[in-house]
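In what follows, a structure is listed as structure tokens, so that the remarks can point back to it.
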Amino acid sequence: MPELPEVETVRRGLVELLPGRKFKKLTVSNLKSFRSSGEEDSFLIGAKVTGVRRRAKVLMIDLDSGYTLVTHLKMTGQLVFVGEERFGAGHPSDSLIGNLPDRSTRIEYQFQDDSHLFFNDQRKFGWMWLMPTLEVDNIDFMKRVGPEPLDDDFTEQQFKARFTRRARTSIKAALLDQSVIAGVGNIYADESLWGAKVHPGRLVSSLTDVEWHDLYTDLRVVLALSIEKGGSTAKNYLNARGEKGKYLDFARVFRREGLPCPRCGATIVKLRVAGRGTHICPQEQILEKVL
DNA sequence: CACTTGACCTGTCCGC
DNA sequence: TGCGGACAGGTCAAGT
């Protein structure tokens with residue numbers, strides 16, 4: 001589910017809702033969803049939220065106890081805040097708040113002001129990990145993860161150079177590899193490859209400089225546009241207020257098989273590349289590139 | 001090392 | 001309507 005734009009949208013919501021609130025109660029209903037060393041009574045209960053950060057697809061809720069709630073939503077995770085407006089009128093029409101906790105609720109946090117943060121996760125792949133803030137950077141994933149594609153100082157030259165380690169695989173598999181570039185998942189891999197007119201099965205080493213340029217540019221454009229639209233909701237994704245994202249209304253190929261390519265009108269097809277469902281325009285994204 | 005596949009879970013959809 | 005299988009936005013531990 002959540003890729004960089006979705007996690008960033010959740011972060012932007014939480015940073016408006018959580019800082020200053022103090023934890024009062026923790027309820028874990030699926031043990032595998034919550035990892036800690038048993039220090040939650042000392043460093044979570046009574047602690048105040050000081051900030052909410054994101055790196056790649058990982059969220060970090062920092063506490064004034066020197067601890068951090070490190071969160072990965074994986075495929076179906078949601079972090080939804082419910083405040084005192086819970087039973088009031090005027091919710092956005094696509095908000096699902098009001099019915100929590102439900103059968104997908106794995107962790108429930110109650111704050112001292114009686115507002116709540118729910119970690120819902122249908123498939124139970126996601127997790128929240130309470131750990132010392134200073135140790136977050138020592139997590140294996142954090143040490144391996146590649147640069148943030150939207151950073152101002154992330155250049156086209158750096159982008160291309162990151163792929164040398166995956167020269168003999170498909171460009172789609174390489175885009176999905178978090179150690180190459182942070183935050184790209186199945187949706188934005190397909191969308192950016194369509195933008196650059198590159199077939200997802202193309203060997204990394206076969207891309208031309210023009211294709212690298214277009215892929216770099218389109219990936220950044222697509223990620224920024226999706227953040228602007230509040231991310232993509234294909235099925236489960238919700239932001240911190242329980243609302244869906246609108247990017248899929250603007251998607252060009254993802255989940256659009258059978259519909260016309262917005263550029264050339266050819267029928268979009270779905271295939272399997274790197275073990276993942278993959279959407280392309282078969283007229284513009286071709287495997288045997290004639291040079 | 002680089003690369004691919006299966007596993008982790010639950011739910012839904014599609015074909016028989 | 002029931003049942004089996006494939007599939008779903010991610011990542012890691014195995015395997016080759």
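Letters go in sequence order (proteins before strands), and every chain restarts at 1.
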Using only side-chain N and O atoms of [X], determine if any of them is under 4.0 Å from OP1 or OP2 of [N].
X        : N      : answer
A:His72  : C:dG10 : no
A:Arg276 : C:dG9  : yes
A:Arg166 : B:dC3  : yes

(request) Flag this pair as yes if the NZ/CZ of A:Arg263 is under 6.0 angstrom from the six-membered ring centre of A:Trp194 and inside a 45 degree cone about the axis; otherwise no. (result)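 Judged by the rule (NZ or CZ under 6.0 Å from the ring centre, within 45° of its axis), A:Arg263 counts as positioned above A:Trp194.
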Would you verify whether the NZ or CZ of A:Lys160 falls within 45 degrees of the ring axis of A:Tyr216 while also being under 6.0 Å from that six-membered ring's centre?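 So A:Lys160 doesn't make the cation-pi contact.
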Take atom [atom1] in [N] and the same atom in [M], then report the distance between them in whole Å.
N     : M     : atom1 : value
C:dA6 : B:dG6 : P     : 12 Å
C:dG5 : B:dA7 : P     : 15 Å
C:dC3 : B:dC9 : P     : 24 Å

message = Could you check whether any side-chain N or O of A:Ser65 sits under 3.5 Å from a backbone N or O of A:Phe43, counting only pairs where one atom can act as donor and the other as acceptor?
response =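 At least one qualifying donor-acceptor pair exists.
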Q) Heavy atoms under 4.0 Å, any strand shown: does A:Ala274 hit a base, just sugar-phosphate, or nothing? A)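 The answer is nothing, as A:Ala274 stays clear of every strand by at least 4.0 Å.
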Q: Would you classify A:Gly126 as touching base, sugar-phosphate or nothing, given that sugar-phosphate means primed atoms plus P, OP1 and OP2, and contacts are heavy atoms under 4.0 Å?
A: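 Nothing, no nucleic acid heavy atom in range.
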Each nucleotide of nucleotides 7-12 of chain B classed B (base within 4.0 Å of a protein heavy atom), S (only sugar-phosphate) or -, in 5' to 3' order, makes -BBBSS
Report the distance from atom [atom1] of [X] to atom [atom2] of [N], rounded to the nearest whole Å.
X        : N      : atom1 : atom2 : value
A:Asp121 : C:dA8  : CG    : P     : 18 Å
A:Asp190 : C:dG9  : CG    : P     : 9 Å
A:Asn186 : C:dA8  : CG    : P     : 8 Å
A:Arg272 : B:dT5  : CZ    : P     : 11 Å
A:Lys270 : B:dC13 : NZ    : P     : 14 Å
A:Leu238 : C:dG9  : CG    : P     : 17 Å
A:Phe254 : C:dC7  : CZ    : P     : 14 Å
A:Lys57  : C:dG9  : NZ    : P     : 11 Å

If you only use heavy atoms from C-beta on, which nucleotide in [options] is closest to the side chain of [X]?
X        : options              : result
A:Thr169 : B:dT4, C:dT11, C:dA8 : B:dT4
A:Phe141 : C:dT11, C:dG9, C:dA8 : C:dT11
A:Gln178 : C:dG9, C:dT11, B:dC3 : C:dT11

- prompt: Between A:Lys244 and A:Ser232, is a side-chain contact (heavy atoms from CB on, under 4.5 Å) present by the stated rule, with each step listed?
  reply: CA-CA 7 Å; A:Lys244 297 178 179 179; A:Ser232 298; over 6 Å; no
Hey, mind stepping through A:Asp190 and A:Arg276 against salt bridge (charged side-chain N to carboxylate O under 4.0 Å, His left out) and telling me if it holds? CA-CA 10 Å; A:Asp190 283 6; A:Arg276 310 294 299 276; over 6 Å; no
Would A:Tyr188 and A:Tyr247 satisfy ring pair (Phe, Tyr, Trp, His ring centres under 6.0 Å), going step by step from the backbone distance to the final call? CA-CA 11 Å; A:Tyr188 306 104; A:Tyr247 173 79; 5.5 Å; yes
Are A:Phe163 and A:Trp212 close enough that their ring centres sit under 6.0 Å apart?
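Yes: the rings meet the under 6.0 Å criterion.
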Does one hydrophobic cluster hold both A:Met60 and A:Val15, with members joined at side-chain heavy-atom distances below 4.5 Å?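 Each belongs to a different hydrophobic cluster.
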Under the salt bridge (charged side-chain N to carboxylate O under 4.0 Å, His left out) criterion, do A:Lys24 and A:Asp113 qualify, and how do the steps go? CA-CA 9 Å; A:Lys24 181 164 81 177; A:Asp113 62 3; over 6 Å; no
So which of A:Arg54, A:Arg53, A:Arg220 actually passes salt bridge (charged side-chain N to carboxylate O under 4.0 Å, His left out) with A:Glu148?
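Of the listed residues A:Arg54, A:Arg53, A:Arg220, the salt bridge (charged side-chain N to carboxylate O under 4.0 Å, His left out) partner of A:Glu148 is A:Arg54.
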Each base of DNA chain B marked ( ) or [ ] if paired in-strand (Watson-Crick or G-U under 3.5 Å), | if paired to another strand and . if unpaired gives .|||||||.|||||||
Reading DNA chain C from 5' onward, which residue's closest nucleotide shows up sooner: A:Ser232 or A:Asp140?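 Nearer the 5' end of the strand: A:Ser232.
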